[in-house]
Trainee: 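Mind looking over this structure? Questions follow.
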Amino acid sequence: MRSITIWVGAIVFTIGAGVFLIEREYISGNKAARVRLEQGKLQLERFDEDGLRKGIDDLTAVIAQSPDSVHAREARYYLAEAYERLGMRDVAFGKYKKLLEMPMPDELRTRARFKIAKLQIMRNYSDEGMNQLLQLLNTTADKQLRCEIYLEIAKYYHRKGFAKDARRNSEN
């Protein structure tokens with residue numbers, strides 16, 4: 001009878017330890033990454049250099065904690081956006097390109113493609129970037145993204161000296 005009690009206790013202890021490890025590694029890990037991601041996004045909303053640097057630190061910590069999670073992919077997107085705001089456009093361009101190689105939700109992929117096209121236009125006013133923007137405009141239904149695309153197209157036309165086209169796209 002005593003050996004049965006010891007075996008039942010050992011089984012209960014093993015199951016409890018397993019549940020504890022699973023909760024600590026998977027459930028709490030994702031929760032901590034999500035919280036850190038939100039902190040990083042809030043820091044990026046400050047729009048000053050100190051806030052951007054703190055946001056970069058938080059987002060980098062999310063990527064280091066759980067590199068294969070959905071939160072890490074979103075953190076990579078916001079990390080590239082932070083570099084773009086800091087004026088490090090080539091670094092941001094490389095991060096967006098790297099992000100496109102990973103599996104991710106369609107909305108995030110569309111946003112990354114928009115940022116790449118925007119950076120290509122800003123880099124050398126290329127027609128390739130403009131074509132990518134027009135392609136994205138034809139494929140997306142997100143109203144906010146469409147507004148951003150029209151704004152970038154208007155800026156492109158304004159820089160090229162096509163005032164009528166710039167005005168028309170600004171009005172859209």
Side-chain angles (χ1 to χ4, degrees), residues 20-126 128-130 132-156 158-159 169-170 172:
F20 174 74
L21 289 174
I22 289 171
E23 192 275 332
R24 193 181 84 196
E25 290 297 319
Y26 297 105
I27 298 170
S28 294
N30 283 339
K31 184 179 176 184
R34 187 178 70 243
V35 168
R36 196 80 188 246
L37 175 65
E38 292 302 320
Q39 287 176 345
K41 286 168 47 176
L42 287 174
Q43 290 293 336
L44 294 182
E45 290 177 3
R46 287 180 40 195
F47 286 106
D48 62 342
E49 188 171 339
D50 186 44
L52 290 173
R53 299 251 182 235
K54 286 180 183 177
I56 287 172
D57 291 342
D58 286 338
L59 295 171
T60 304
V62 170
I63 295 168
Q65 282 177 350
S66 53
D68 296 329
S69 72
V70 174
H71 302 300
R73 290 183 198 108
E74 192 173 347
R76 281 184 166 90
Y77 173 80
Y78 286 111
L79 188 63
E81 192 173 271
Y83 283 124
E84 183 181 352
R85 287 185 193 168
L86 282 173
M88 304 164 100
R89 291 189 177 111
D90 290 334
V91 174
F93 185 77
K95 293 215 177 277
Y96 286 129
K97 283 282 200 182
K98 186 86 167 170
L99 187 63
L100 284 180
E101 296 171 2
M102 299 176 182
M104 68 181 126
D106 288 336
E107 179 188 348
L108 195 58
R109 182 175 299 282
T110 303
R111 288 226 171 252
R113 287 179 45 215
F114 165 69
K115 293 290 189 170
I116 288 172
K118 178 181 170 184
L119 288 172
Q120 281 181 336
I121 286 175
M122 291 172 78
R123 183 184 271 174
N124 55 8
Y125 305 118
S126 72
E128 179 184 348
M130 178 57 114
Q132 286 180 357
L133 283 177
L134 292 173
Q135 252 181 346
L136 282 172
L137 190 62
N138 289 332
T139 60
T140 188
D142 183 15
K143 289 185 178 186
Q144 183 180 357
L145 182 60
R146 290 179 67 85
C147 289
E148 290 178 32
I149 292 171
Y150 277 123
L151 181 64
E152 288 303 318
I153 291 172
K155 286 179 186 177
Y156 172 81
H158 179 71
R159 289 177 186 147
N169 281 289
S170 293
N172 282 340

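All values below were derived from every heavy atom in this structure, side-chain atoms included, with hydrogens, water molecules and symmetry-related copies excluded. As the structure is a prediction and not an experimental result, all values here were calculated from the model.
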Trainee: Under 6.0 Å from the CD atom of E38, do we count more than 12 heavy atoms belonging to anything else shown?
Mentor: yes
Trainee: Rounded to the nearest 0.5 Å, what's the gap from CZ on R113 to CD1 on I149? Could you check?
Mentor: 9.0 Å
Trainee: Checking R53 against E49 for the salt bridge (Lys or Arg N to Asp or Glu O under 4.0 Å) test, could you report, in this order, the C-alpha distance in whole Å, the side-chain angles of both residues, the deciding distance, and whether it holds?
Mentor: CA-CA 6 Å; R53 299 251 182 235; E49 188 171 339; 3.3 Å; yes
Trainee: Just so I know, are the side chains of D50 and Q43 near enough to count as touching, which here means a heavy-atom distance under 4.5 Å?
Mentor: no
Trainee: Measure the CG-OH distance between L108 and Y77 for me, rounded to the nearest 0.5 Å.
Mentor: 7.0 Å
Trainee: Could you measure the distance from the CG atom of D58 to the CD atom of Q39? Nearest 0.5 Å is fine.
Mentor: 5.5 Å
Trainee: So I116 and L100, side chain to side chain contact (heavy atoms under 4.5 Å, CB included) or not? Walk me through it.
Mentor: CA-CA 10 Å; I116 288 172; L100 284 180; 3.2 Å; yes
Trainee: Which of these, K155, R111, K118, K143, sits in a salt bridge (Lys or Arg N to Asp or Glu O under 4.0 Å) with E148?
Mentor: R111
Trainee: Counting only heavy atoms not in K95 (residues, nucleotides, ligands), do more than 12 fall under 6.0 Å from its NZ?
Mentor: no
Trainee: Could you tell me whether D106 atom CG has more than 12 heavy atoms of other residues or ligands within 6.0 Å of it?
Mentor: no
Trainee: What is the distance from atom CZ of R85 to atom OH of Y78, rounded to the nearest 0.5 Å?
Mentor: 9.5 Å
Trainee: Would you say the side-chain atoms of Y96 and E81 include a donor-acceptor pair closer than 3.5 Å?
Mentor: no
